[in-house]
Amino acid sequence: MVRVTLPDGSTRAFEQPEVPVSDVVQLLGERAKGDTVGVLFGGQLRDVYQTVAGEGTLRPLKDDDEQSLYLLRHTASHVLAHAVQELFPDAKFAIGPPIDEGFYYDFDVEKPFTPEDLARIETRVHELLKKDLPIHREVWDKARAREHFAKLGQRYKLDLIDDIPGDTVSIYTVGNFVDLCAGPHIDSSRRIKHVKLLSTAGAYWRGDSKQPMLQRIYATAFFKKSDLDAYLDRLAEAEKRDHRRLGKALDLFDVKDEAGGGLVFWHPKGAIVREQMEQYLKQEYRTRGYQLVFTPHIAKADLWKTSGHLTYYRDNMFMMDVEGQEYVVKPMNCPGHILIYKRKLYSYRELPVRIAEMGTVYRRELSGALHGLLRVRGFTQDDAHIFCAPEQLPSEVDHALDFALSLLQRFGFDRFAVELSVRDPANPGKYAGTDEEWTMAESALEDAVKRRGLAYKRMEGEAVFYGPKIDVKVIDAIGRPWQLSTIQFDFNLPRRFDVNYVASGGERRPVFMVHRALFGSIERFMGILTEHYAGAFPTWLSPVQCVVLPVSAEALPFAERVRLALAERGVRVEMDAREEKIGYRVRDAEVHKVPYMAVVGEREAKEGVVAVRARGKGMVGTKPLEAFVTEIVDEVAAGR
RNA sequence: GCUGGCGUAGCUCAACGGUAGAGCACCGCAUUUGUAAUGCGGUGGUUGGGGGUUCAAGUCCCUUCGCCAGCUCCA
């Protein structure tokens, strides 16, 4: 018996144990039927070749529904495999799932695909799509499927069959390409019109480096050409914003071959931006009741034995031998902050204690994982550990979350995605700390997020063993998410180090520790910030805030007065009096993304004014010198 | 780490196994400039390092270093 609630609220019952989706779709009427690319039944994504069972509400999906892209791309990946099957008859097929922004298919072929191969495959994909490729779904018993794929030498498919529970598997045929596949697929290949192959890459079978290396083709597909174009534009835009390019072009920072991968050099201009970040943070620490400390970069291995890092984190640490003693370059700041907390016995009256550090740490990341400033081996965290009594948890989490959001907003991010990572109820044994403590901590985090009215996702089982956490992601100027701030409980280290406070009854109690980092890593934040602003930092962050451009040598004395007036008020100003035409120097300032240009010639000198040009906006008008200076100073003070 | 691609002037990139080049930047000269590139000339290279094949190597082979992309989002 199948009971289906249709979109109009009516309910239809079927006698059979399961009903083809296509039969249900028939009930929608001619027009809706033609628009339906797939359905959600009881919240489950289904295609028109599958069946539904039990009771549920049917929601037909049209091409503008988010989930429809999944169907489209899944089928597109089969068409891609179809093309590869024709052009490379010896290819072995692995998997070809849809992913967030497209799809891929993994192939085992003799030689890696060349860019020319990719072009040929794409052409073939487009040719195939001109025809209407019929799509069929069948259910085979496993023996038949094994026989079929064994005959074709498709060893990966055989592997997959072995892992599928049950006695049967589903087989989808798209055109001439027969594939083991769970589905779901789009209702018709005619809907696949806009496909673009993007790149090739090696990928291990099942992500396991002991398994054969397959050749993966990444691609994407959309219903509408405008969507595909927008996506490709976004890729191009992302490339233009690449912080590695901009870091070099704007002379902000770089990674040097001579020093090694993952080690960042901050050039003078980049150092100015970093200085602004740190100054802002330090001022906030003062007003928000944090105490700044410094801790050594290396420490005896024993300290890391106590913390547990030596056991669990060894592969990620740089170690060295000093007169027979093993030393560790710190990969984290927590033990150092704990040692500072433990220098004395704290009373409950003194809590919370918030210890902060711009802590530079080094981690042995795999060479292949390194990426510009975003994934490095040496970086500075804006790290802090909050030591508090259990009853202070809610207000401390609130305090930290408020700090995080106000900091991120100050740096130009106003779209957030919050994730709350909590215990895995199925695996309670792996966690440090008691059930009670976890419950308390999780609700402190959840309440803080709710109080702020933030949308958040509860990630069941995503918490690390030592405590639950909140991660704050920002969405940047071109819609990409970046994980930045984190607020994490730690039930592990305080116990390992026996960290206490004296409670009101005079007894020693274990202290609660909250770890938080807002920028996360200064290096990574700088990389993200550079991409977010495409190198055009707001005035308060710009390495050079204003450049003075004397039109000719006659204007030089007044230009110098302008420069000095700005410099005296703390504006980062440069003079460009090179013997180049004014157009050339204006262009140079624009290319270097300087927010303001003060053009002064004889006219301005006579009247004591400056002709102001703003980055990207051209001339904005002529102003008295004093008014211009005040305007910039005010803008900087306001953090714009 | 593994697989593939790449490594040529400060930067971006050319050069069928046959004389290492261009644009920008930099330097010099001329120009004295009015809001996104003035003209002419010049400096600059052990082609990432090492080894090999060849009459001849940026180009082919080996090795080493570095960079880039990817390495389950599970049929």
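Below, chain A is the first sequence line, B the second, and so on; all start at residue 1.
Phosphate proximity of B/C71 to A/Arg216: present, with a side-chain N or O under 4.0 Å from OP1 or OP2. The phosphate of B/A25 (OP1 or OP2) has a side-chain N or O of A/Tyr584 nearer than 4.0 angstrom. Between A/Tyr204 and B/C74 there is no side-chain N or O to OP1 or OP2 distance below 4.0 Å. When the side-chain nitrogen and oxygen atoms of A/His78 are compared with OP1 and OP2 of B/A75, none of them lie within a distance under 4.0 Å. Look at A/Arg375 and you won't find any side-chain N or O under 4.0 angstrom from OP1 or OP2 of B/C67. Between B/A69 and A/Arg244, a contact under 4.0 Å exists linking OP1 or OP2 to a side-chain N or O. Contact annotation: A/Arg615 does not reach the phosphate of B/A36 (side-chain N/O to OP1 or OP2, under 4.0 Å).
Between A/Val591 and A/Pro97, it is A/Val591 whose nearest contact on RNA chain B lies nearer the 5' terminus.
For A/Arg73 and A/Phe103, the positive end is not near the middle of the six-membered ring at less than 6.0 Å and at most 45° from its axis.
Residues A/Cys181 and A/His74 come closest through the heavy atom pair SG-NE2, 3.3 Å.
With ring centers used as reference points, A/Tyr156 lies 6.0 Å or more from A/Phe93. Taking the six-membered ring for Trp and the full ring otherwise, A/Phe253 and A/Phe265 have centroids separated by 6.0 Å or more.
Per the geometry, CG belonging to A/Asp100 stands 14 Å off P belonging to B/G70, to the nearest Å.
Residue-to-nucleotide contacts include no donor-acceptor pair under 3.5 Å from the side chain of A/Tyr104 to the base of B/C73. Checked by distance alone, A/Glu604 brings a side-chain donor or acceptor within 3.5 Å of a matching partner on the base of B/G34.
Taking atom C1' on both nucleotides, B/G50 is separated from B/G66 by 15 Å, rounded to a whole Å. Straight-line distance between the C1' atoms of B/G51 and B/U46: roughly 15 Å, to the nearest whole Å. Spacing of P atoms, B/C62 relative to B/G21, comes out at 29 Å, to the nearest Å.
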